[in-house]
Amino acid sequence: MALEIPNGWTLCASSFNWTPEIIAAARTAQDIVTGIADSVTKTIEIEPGLLWRSFPAPQDGEVDALRHGLASKGGRVSIVGASLDDFTSPTGRRTLQERLDFLVPQLQAARRAGAVGVRLPIGQAGTELLALVQPLLHELDLVLYEEIQGQQTPGNPAVAPALKAIAGLADDRVRVLVDISMLMPALPVSYLEELRRGGVAPDLLERLENDWQDPATHDAVTALLRSGQVPPRIHTLFMNLLIRFGRSDAADLQDVLPLVGAFHLKFWDLDDDSSRVSQPLRDLGGLLGRNGFTGTLTSEWGGHEWLQDDPTDMTRRHLALAETALAQPVDNLISTGSITG
């Protein structure tokens with residue numbers, strides 16, 4: 001019998017996975033997204049900046065067209081990626097009211113699209129804006145998710161105050177979304193190959209391949225960046241080592257898990273050498289199973305930055321791998337009587 005995740009967990013796909021195809025515009029963005037519901041999964045997280053030309057104040061017609069298109073395929077929107085453009089010019093910061101005015105149309109569009117929530121980076125809204133937005137979240141029946149990812153650990157000085165503020169609100173309408181780019185026991189094989197082709201020195205490559213979680217590796221990465229010796233062709237890609245790729249373990253999430261309502265199951269490629277893709281998922285499945293998690297778990301592919309693979313195939317395969325890996329420890333917990341099914 002195939003392993004299955006608990007009923008309270010919803011597997012989704014992010015339209016972000018199809019970014020290169022949306023940009024290429026051989027098909028409309030709406031056709032691409034409705035195609036996800038037709039051939040991959042019915043529940044979809046969307047990036048409206050890629051989808052709606054009228055963003056950040058989406059027009060009703062665009063929003064309705066997507067909702068109806070998805071509904072015709074049995075699909076629906078889970079979370080909408082929101083945006084806060086805090087600056088009107090290089091020197092002009094938006095006032096609190098201007099920030100609210102920028103965000104509100106996005107919240108209204110998310111509700112019109114049938115979404116359960118919207119997503120912002122952790123701490124970007126700030127306590128003052130959150131206080132103004134909270135009543136609207138209740139009115140619109142939406143959850144605001146604040147996302148942590150990559151090297152943003154729960155104890156990070158830039159993250160911890162925001163987590164404390166969310167906990168202090170004690171409001172289910174303001175929750176945390178965790179991107180498991182935080183949980184990387186090793187770097188993606190395809191990424192390491194790209195660095196090798198780009199001219200990164202063999203000694204650093206060896207360290208990145210074999211000792212990613214060693215703090216000394218971070219020091220070596222930083223030293224190369226500061227030296228100005230990163231090959232120009234891969235400079236942007238190299239920055240993933242300092243921002244998008246994390247070193248945390250699933251156990252590091254234990255204390256913040258009561259605040260968490262959603263996960264991004266970030267993946268870069270599907271090379272599972274040494275279980276670098278599946279082990280973080282198994283660790284996460286055990287943690288969530290022991291703690292009675294309910295919420296969404298969304299496949300999000302970041303590897304299209306350097307890979308040309310088909311996003312539909314990649315996402316299908318990842319969702320299949322993710323469901324098995326997440327369910328395995330839960331099945332073990334049920335079979336041992338640690339939790340009930």
* Tell me whether Ile46 is reachable from Leu319 by hopping between hydrophobic residues (I, L, V, M, F, W, Y) whose side-chain heavy atoms are closer than 4.5 Å. => yes
* Asked: Mind checking whether Leu281 and Thr324 have side chains closer than 4.5 Å, heavy atoms only?
  -> no
* Work out which heavy atom in Trp9 is nearest to a heavy atom in Thr294; give both atom names and the distance. => CD1-CA, 4.4 Å
* Would you say the side-chain atoms of Asp272 pair up with the backbone N or O of Ser278, donor to acceptor, closer than 3.5 Å? -> yes
* Asked: Are Ile32 and Phe55 in one and the same hydrophobic cluster, where Ile, Leu, Val, Met, Phe, Trp and Tyr link if side-chain heavy atoms are under 4.5 Å apart?
  -> yes
* Quick one: CG on Leu136 to CG on Leu142, what's the gap to the nearest 0.5 Å? -> 7.5 Å
* Structure fact -> d(Leu183 CG, Phe263 CZ) to nearest 0.5 Å is 8.0 Å
* To do: State, with a plain yes or no, whether a side-chain heavy atom of Asp179 is found less than 4.5 Å away from one of Glu147.
  => yes
* Asked: Run the side-chain hydrogen bond (donor to acceptor under 3.5 Å, both in side chains) check on His264 and Gln149 step by step: do they pass?
  -> CA-CA 9 Å; His264 278 171; Gln149 61 181 311; over 6 Å; no
* Asked: Between Glu193 and Arg196, is there a side-chain N and carboxylate O pair less than 4.0 Å apart?
  -> no
* Could you tell me whether the side chain of Val118 reaches within less than 4.5 Å of the side chain of Gln106, counting heavy atoms only? => no
* **In one Ile/Leu/Val/Met/Phe/Trp/Tyr side-chain cluster, 4.5 Å: Leu177, Val174** => no
* Structure fact -> The reported gap from CG in Leu66 to OG1 in Thr34 (rounded to nearest 0.5 angstrom) is 8.0 Å
* On the 0 to 90° scale, with breaks at 30° and 60°, tag the Trp306-Trp268 ring pair as parallel, tilted or perpendicular. => parallel
* Asked: What are the two closest heavy atoms between Ile44 and Ala37, and how far apart are they?
  -> CD1-N, 3.6 Å
* **side-chain contact (heavy atoms from CB on, under 4.5 Å) between Leu107 and Val133, intermediate numbers included** => CA-CA 9 Å; Leu107 300 180; Val133 167; 4.0 Å; yes
* Could you go through the side-chain contact (heavy atoms from CB on, under 4.5 Å) check for Leu257 and Leu288 one step at a time? => CA-CA 8 Å; Leu257 201 57; Leu288 301 186; 3.7 Å; yes
* Show the numbers, then the answer: is there a side-chain contact (heavy atoms from CB on, under 4.5 Å) between Leu187 and Leu241? => CA-CA 9 Å; Leu187 293 175; Leu241 296 168; 3.7 Å; yes
* Spacing of Gln134 atom CD and Leu129 atom CG [to the nearest 0.5 Å] -> 10.5 Å
* Backbone N or O of Asp211 within a donor-acceptor pair of the Thr217 side chain at under 3.5 Å? -> yes
* Asked: Is there a side-chain contact between Leu130 and Glu146 (heavy atoms, below 4.5 Å)?
  -> yes
* Return the minimal non-hydrogen interatomic distance between Leu103 and Ala82, and the atom names on each side. => CD1-CB, 4.1 Å
* Decide if atom CG of Asp255 counts as having more than 12 heavy atoms of other residues, nucleotides or ligands within a radius under 6.0 Å. => no
* Would a distance-only check, ignoring hydrogens and angles, find a side-chain to backbone donor-acceptor pair under 3.5 Å from Tyr191 to Asp269? -> no
* About how many Å separate OG of Ser78 and NZ of Lys42, when rounded to the nearest 0.5 Å? -> 14.5 Å
* Structure fact -> What one should report as the nearest heavy-atom pair of Arg244 and Asn240 is CD-OD1, 2.8 Å
* Asked: Do Ser39 and Arg316 touch side chain to side chain, with heavy atoms closer than 4.5 Å?
  -> yes
* N/O donor-acceptor pair under 3.5 Å between Gln151 side chain and Phe245 backbone -> yes
* Asked: Any idea how His318 and Phe267 line up, ring-wise: parallel (<30°), tilted (30 to 60°), or perpendicular (>60°)?
  -> parallel
* To do: Step by step, work out the side-chain contact (heavy atoms from CB on, under 4.5 Å) result for Leu284 and Leu265.
  => CA-CA 10 Å; Leu284 181 65; Leu265 305 181; 4.0 Å; yes
* Within one Ile-Leu-Val-Met-Phe-Trp-Tyr cluster: Tyr145 and Leu120, side-chain cutoff 4.5 Å -> no
* **Side-chain heavy-atom pair Phe16, His304 within 4.5 angstrom cut-off** => yes
* To do: Could you tell me whether the side chain of Gln152 and the main chain of Val159 form a donor-acceptor pair under 3.5 Å?
  => no
* Asked: Under 6.0 Å from the CG atom of Asn210, do we count more than 12 heavy atoms belonging to anything else shown?
  -> yes
* Do Asp214 and Arg247 sit within salt-bridge range, that is, some charged N less than 4.0 Å from a carboxylate O? -> no
* **NZ/Lys73: more than 12 non-hydrogen atoms of other groups inside 6.0 Å** => no
* Could you check if a side-chain atom of Ser190 sits within less than 4.5 angstrom of a side-chain atom of Asp271, using non-hydrogen atoms only? => no
* To do: Please answer whether the main-chain N or O of Leu224 pairs with a side-chain N or O of Gln229 as donor and acceptor at a distance below 3.5 Å.
  => no
* Asked: Is Arg119 salt-bridged to Glu47, cutoff N-O under 4.0 Å?
  -> yes
* Test Leu326 against every option in Asp283, Leu321, Ile5 by the side-chain contact (heavy atoms from CB on, under 4.5 Å) rule and name the one that passes. => Ile5
* Ionic contact status for Arg99 with Asp86, cut-off 4.0 Å -> yes
* Asked: Which atom names give the shortest non-hydrogen contact between Ser15 and Ile22, and what distance separates them?
  -> O-CD1, 4.0 Å
* Check whether any side-chain heavy atom of Glu194 lies under 4.5 Å from a side-chain heavy atom of Pro188, and answer yes or no. => no
* Asked: Taking it one step at a time, do Thr312 and Trp18 satisfy side-chain hydrogen bond (donor to acceptor under 3.5 Å, both in side chains)?
  -> CA-CA 8 Å; Thr312 297; Trp18 283 259; 3.1 Å; yes
* To do: Measure the spacing between NE2 of His68 and CD of Gln30 and express it to the nearest 0.5 Å.
  => 10.5 Å
* To do: Answer yes or no: is there a donor N or O on one side and an acceptor on the other, between the side chain of Arg67 and the main chain of Glu62, under 3.5 Å?
  => no
* Counting only N and O atoms by type, is there a donor-acceptor contact under 3.5 Å from the side chain of Asp252 to the main-chain atoms of Asp249? -> yes
* Over all atoms of both residues, closest heavy-atom pair of Ala115 and Arg111 -> O-NH1, 4.2 Å
* Determine yes or no for a side-chain-to-main-chain donor-acceptor pair under 3.5 angstrom, with Arg207 supplying the side chain and Val221 the backbone. => no
* **Same apolar cluster (I L V M F W Y, side chains within < 4.5 Å links), Phe238/Val189** => no
* Apply side-chain hydrogen bond (donor to acceptor under 3.5 Å, both in side chains) to the pair Arg282 and Gln279, showing each step before the final yes or no. => CA-CA 5 Å; Arg282 284 192 289 270; Gln279 190 58 56; 3.1 Å; yes
* Give a yes or no on whether the backbone of Val63 and the side-chain of Arg112 come within a donor-acceptor separation of less than 3.5 Å. => no
